[in-house]
Undergrad: 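Mind looking over this structure? Questions follow.
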Amino acid sequence: MKRTKIIHLFDAKTSPGSVLIKGWVKTRRDSKTFSFIEVNDGSCLANIQIIADDSLDNYDVVKTLSTGSSVAVTGLLRESPGQGQTWEIAASAIHIYDIAPEAYPLQKKRHSDEFLRTIGHLRPRTNKYGAVFRIRSELCHAIHKFFHDRGFTYIHTPILTGSDCEGAGDLFRVTALNLENLPKKEGKTDYSLDFFGKPANLTVSGQLEAELLALALGDVYTFGPTFRAENSNTARHMAEFWMIEPEMAFCDLEDDMSHAEEFIKNLIVHAMDHCARDLDLFANFVDKNLMKTLENIVSAEFVRLPYTDAVDIVKQSGHKFEFDIEFGKDLQTEHERYLAEEHFKKPVVIYNYPKTIKPFYMRVNDDGSTVAAMDVLVPRIGEIIGGSQREERLSILERRMEETGMNKEDYWWFLDSRRYGTVPHSGYGLGFERLIMLITGIANIRDVIPFPRTPGNIEF
RNA sequence: UCCCCAGUAGCUCAGUCGGCAGAGCAGGUGGCUGUUAACCACCGUGUCCGCGGUUCGAGUCCGUGCUGGGGAGCCA
């Protein structure tokens with residue numbers, strides 16, 4: 001008999017008769033002549049209830065099934081006379097793959113997230129983590145669908161890169177040299193002997209390469225891993241995270257902001273439509289206000305707020321802040337939270353930042369002091385998107401590189417894109433894990449990715 | 001990296017003023033019941049994070065290191 005996934009059992013309108021399911025035991029309750037066994041196979045949050053009675057030839061072993069044990073169950077799918085579930089399986093045979101011993105760390109009871117992080121290899125078997133990882137998968141699908149529906153080309157930007165000063169943070173150096181015995185030239189490491197003949201790093205962003213593809217294919221996006229060697233110890237940062245970076249030719253900052261807003265709303269709607277059961281868990285046990293928050297984001301028109309106005313609002317708020325704000329200083333987390341959570345109570349897009357606090361590639365505005373940058377701030381998470389209209393004018397771009405102390409020769413290929421048929425274009429980066437935090441209500445970024453990479457932690 | 005908090009049974013945590021190490025859950029045994037975070041009775045469980053110090057005596061006080069958490073910076 002062919003195995004049926006448990007999610008499909010719950011779709012049934014009428015019983016298909018006998019079925020075969022395979023999965024892991026969540027819990028067992030015994031009566032005198034029979035047992036209730038709840039089995040989960042990861043296809044959905046819900047367990048299927050198995051009725052095993054003493055007519056089974058291995059009932060004496062079935063009665064010892066513990067949480068975490070693996071089984072294959074054949075039996076009749078029938079309406080359950082009990083409360084709490086519509087269907088149950090009256091087992092005619094139970095094959096036991098393995099009985100999990102007493103040392104199995106997961107219990108029926110709820111565990112703390114901190115403890116579960118120490119057993120990252122087993123936590124996907126819990127309800128909560130199973131649900132996050134299913135939602136994560138569904139949203140990957142939604143992201144590709146969103147762009148595909150709009151005629152974007154999915155491109156792959158390199159993971160290994162030779163550019164080292166994009167201004168996006170500290171880099172992980174990649175080398176094939178023997179670190180115990182580095183070749184030296186005039187006292188310094190001789191990278192001419194390294195694999196690529198020069199220093200190489202893990203990418204911090206696919207943006208520069210995506211720009212090149214946008215200036216050929218029109219609308220493109222990348223969706224891949226990104227690496228930052230920053231010693232960040234917060235609930236919102238990891239050394240390895242996944243980023244979605246659209247890049248659009250013939251697109252100005254206005255279009256860029258509209259696109260970002262549509263994107264976020266589309267993904268939230270997709271999650272509510274396709275992950276309702278899993279989202280219920282988060283709405284019930286993680287964040288009681290989750291559905292209200294999500295509905296608010298979907299229905300609200302995002303506020304568009306120039307940086308200077310944001311500064312004025314913060315200054316005139318009458319609120320006590322730890323840090324002062326004035327033109328030329330970046331908004332602190334407390335200021336961003338005040339704007340999104342208290343003042344507007346909905347997502348806020350802040351744009352036209354001072355050029356002194358933004359990287360070289362952002363387009364200089366006519367005022368000469370600001371750049372066409374935009375950050376999307378959402379309640380609870382803070383910055384979820386950072387983007388800009390790119391500087392398409394060669395001379396200004398070169399001047400900005402000089403101002404920020406960059407070596408133009410290293411970026412000859414990037415500058416070529418402004419030399420030959422340059423056009424206005426824009427793009428942004430959305431942190432995938434921060435999106436999952438927003439949609440699930442999970443507060444710590446380490447809990448929305450199966451194997452988080454943070455300073456001092458690379459187990460599993 | 002900086003500031004704050006925590007580390008005690010497999011898990012969650014209590015431990016008063018410095019004086020014999022505790023509870024619930026999980027686990028085991030028996031019972032009961034179409035049960036559903038089942039229920040009832042009984043049973044076992046310790047490097048009190050490591051190192052050093054103060055003290056007659058330290059889980060408790062002091063110093064230090066490690067680990068985890070919250071906040072900040074950097075950002076997505």
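All values below come from the heavy atoms of this structure, side chains included, with hydrogens, waters and symmetry mates left out.
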Undergrad: Do any N or O atoms from the side chain of Arg123(A) and from the backbone of Pro450(A) form a donor-acceptor pair under 3.5 angstrom?
TA: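 Checked: pair present.
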Undergrad: Under 4.0 Å from OP1 or OP2 of C32(B): is there any side-chain N or O of Lys32(A) that close?
TA: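 True: Lys32(A) side-chain N/O within range (under 4.0 Å) of C32(B) OP1/OP2.
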Undergrad: Suppose we define a pair by two distances each less than 3.5 Å, Watson-Crick or G-U wobble; what does C39(B) pair with here?
TA: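 Paired with G31(B).
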Undergrad: Is any side-chain heavy atom of Glu211(A) closer than 4.5 Å to one of Arg390(A)?
TA: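 Sidechains of Glu211(A) and Arg390(A): in contact.
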Undergrad: Can you tell whether the side chains of Arg337(A) and Glu334(A) come within less than 4.0 Å, N to carboxylate O?
TA: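 No, Arg337(A) and Glu334(A) are not salt-bridged.
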Undergrad: Say we look at U16(B) and U54(B): how far apart would their C1' atoms be, to the nearest angstrom?
TA: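 Taking atom C1' in both U16(B) and U54(B), they lie 22 Å apart.
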Undergrad: What distance, rounded to whole Å, do you find between the two P atoms, one in A14(B) and one in G7(B)?
TA: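 The same atom, P, in both gives a distance of 7 Å.
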Undergrad: Determine the Euclidean distance between corresponding C1' atoms of C5(B) and C49(B); express it in Å to zero decimal places.
TA: 16 Å
Undergrad: Is C2(B) paired to anything, Watson-Crick or G-U wobble with both distances less than 3.5 Å, and if yes, which nucleotide?
TA: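 Matched C2(B) with G71(B) under the 3.5 Å cut-off.
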Undergrad: Strictly below 4.0 Å: does Arg28(A) bring a side-chain N or O up to OP1 or OP2 of U35(B)?
TA: no
Undergrad: Is the positively charged end of Arg304(A) above the ring of Phe302(A), judged by distance under 6.0 angstrom from the centroid and angle within 45° of the axis?
TA: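 Judged by the rule (NZ or CZ under 6.0 Å from the ring centre, within 45° of its axis), Arg304(A) is not positioned above Phe302(A).
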Undergrad: Look at Arg29(A) and A38(B) and indicate whether a side-chain polar atom (N or O) is within less than 4.0 Å of OP1 or OP2.
TA: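 So the side-chain polar atoms of Arg29(A) do come within 4.0 Å of the phosphate oxygens OP1 or OP2 of A38(B), strictly under.
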Undergrad: Measure from the side chain of Glu383(A), starting at C-beta and using heavy atoms only, and say which of G34(B), A76(B), U1(B) lies closest.
TA: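 So the nucleotide nearest the side chain must be A76(B).
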Undergrad: According to the Watson-Crick and G-U wobble definitions, with both distances under 3.5 Å, which nucleotide is paired to A9(B)?
TA: none
Undergrad: How far does the P atom of C48(B) sit from the matching atom of U60(B), given to the nearest Å?
TA: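 My reading of the P atoms in C48(B) and U60(B) gives 10 Å.
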Undergrad: Would the number of heavy atoms belonging to other residues, nucleotides or ligands and lying under 6.0 Å from CZ of Phe460(A) be above 12?
TA: yes
Undergrad: Per the atom types in the model, does the base of U67(B) pair as donor or acceptor with the side chain of Glu114(A) at under 3.5 Å?
TA: no
Undergrad: Less than 4.0 angstrom between a side-chain N/O of Gln332(A) and OP1 or OP2 of G73(B), yes or no?
TA: yes
Undergrad: Provide the distance between the two C1' atoms, one in U1(B) and one in G19(B), to the nearest whole Å.
TA: 43 Å
Undergrad: Please report, rounded to the nearest Å, how far the P atom of U35(B) is from the NZ atom of Lys63(A).
TA: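 Value for this atom pair: 18 Å.
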Undergrad: Could you work out which one of G73(B), G68(B), C75(B) sits closest to the side chain of Asp330(A)?
TA: C75(B)
Undergrad: Can you check whether any acceptor in the base of C75(B) is under 3.5 Å from a donor in the side chain of His237(A), or vice versa?
TA: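 When only heavy-atom distances are counted, His237(A) does reach the base of C75(B) through a donor-acceptor pair under 3.5 Å.
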Undergrad: Of the options G10(B), A76(B), G69(B), whose atoms approach the side-chain atoms of Asn444(A) most closely?
TA: G69(B)
Undergrad: So Phe115(A), base contact, sugar-phosphate only, or nothing? Heavy-atom distance under 4.0 Å.
TA: sugar-phosphate
Undergrad: With a 4.0 Å cut-off on heavy atoms, is Glu334(A) in touch with a base, just the backbone sugar-phosphate, or nothing at all?
TA: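 The answer is nothing, as Glu334(A) stays clear of every strand by at least 4.0 Å.
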Undergrad: Looking at U35(B), does its base get a donor-acceptor pair with the side chain of Asp30(A) below 3.5 Å?
TA: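 Answer no: no donor N or O sits under 3.5 Å from an acceptor.
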Undergrad: Applying a 3.5 Å limit to both distances, which nucleotide forms a Watson-Crick or G-U wobble pair with A21(B)?
TA: none
Undergrad: Between C32(B) and C40(B), how many Å separate the two C1' atoms, rounded to a whole number?
TA: 8 Å
Undergrad: Between C74(B), G70(B), U35(B), which one does the side chain of Arg236(A) approach most closely?
TA: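 Minimum distance to the Arg236(A) side chain belongs to C74(B).
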Undergrad: With heavy atoms under 4.0 Å as the rule, sort Glu88(A) into base, sugar-phosphate or nothing.
TA: base
Undergrad: Which of the following nucleotides, G73(B), G34(B), G69(B), is nearest to the side chain of Ser232(A)?
TA: G73(B)
Undergrad: Working note: Thr157(A) + Glu209(A), criterion side-chain hydrogen bond (donor to acceptor under 3.5 Å, both in side chains); need CA distance, chi angles, decisive distance, verdict.
TA: CA-CA 6 Å; Thr157(A) 50; Glu209(A) 291 88 353; 5.6 Å; no
Undergrad: When the C1' atoms of A21(B) and G46(B) are compared, how many Å lie between them, rounded to an integer?
TA: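 Those two atoms are separated by 8 Å.
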Undergrad: State the pairing partner of G46(B); accept Watson-Crick or G-U wobble contacts with both distances under 3.5 Å, and report none otherwise.
TA: none
Undergrad: Would Glu433(A) and Arg136(A) pass as an ion pair if we require N to O under 4.0 Å?
TA: yes
Undergrad: Between the side chains of Asp447(A) and Arg117(A), is the shortest nitrogen-to-carboxylate-oxygen separation below 4.0 Å, so that they form an ion pair?
TA: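 The answer is yes: the pair qualifies as a salt bridge.
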Undergrad: Would you mind telling me which of U12(B), C32(B), A76(B) lies closest to the side-chain atoms of Ser112(A)?
TA: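 Side chain of Ser112(A) sits closest to U12(B).
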Undergrad: Indicate, yes or no, whether a donor-acceptor pair under 3.5 Å links the base of C75(B) to the side chain of Arg434(A).
TA: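 Flag set: donor-acceptor pair detected.
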Undergrad: Across the strands shown, which category fits Pro105(A) at heavy-atom distances under 4.0 angstrom: base, sugar-phosphate, nothing?
TA: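 Nothing, no heavy atom under 4.0 Å.
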Undergrad: How do Asn457(A) and Met243(A) order along RNA chain B: which one's closest nucleotide is nearer the 5' end?
TA: Asn457(A)
Undergrad: Counting only side-chain N and O atoms of Thr234(A), is one of them less than 4.0 Å from OP1 or OP2 of G70(B)?
TA: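 False: Thr234(A) side-chain N/O out of range (4.0 Å or more) of G70(B) OP1/OP2.
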Undergrad: Is any N or O donor-acceptor pair between the side chain of Arg78(A) and the base of G34(B) shorter than 3.5 Å?
TA: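 A donor-acceptor contact between them is present.
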Undergrad: Are A76(B) and Phe241(A) stacked, with the base six-membered ring and the side-chain ring centres under 5.5 Å apart and planes under 30°?
TA: yes
Undergrad: If you assign each of Asn233(A) and Thr67(A) to its closest nucleotide in RNA chain B, which residue comes earlier from the 5' end?
TA: Asn233(A)
Undergrad: Give none if A76(B) has no partner; otherwise give the nucleotide forming a Watson-Crick or G-U wobble pair with it, both distances under 3.5 Å.
TA: none
Undergrad: When the C1' atoms of G18(B) and C2(B) are compared, how many Å lie between them, rounded to an integer?
TA: 34 Å
Undergrad: Of all the nucleotides listed (G34(B), C11(B), A38(B)), which has the minimum atom distance to the side chain of Ser80(A)?
TA: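 Minimum distance to the Ser80(A) side chain belongs to G34(B).
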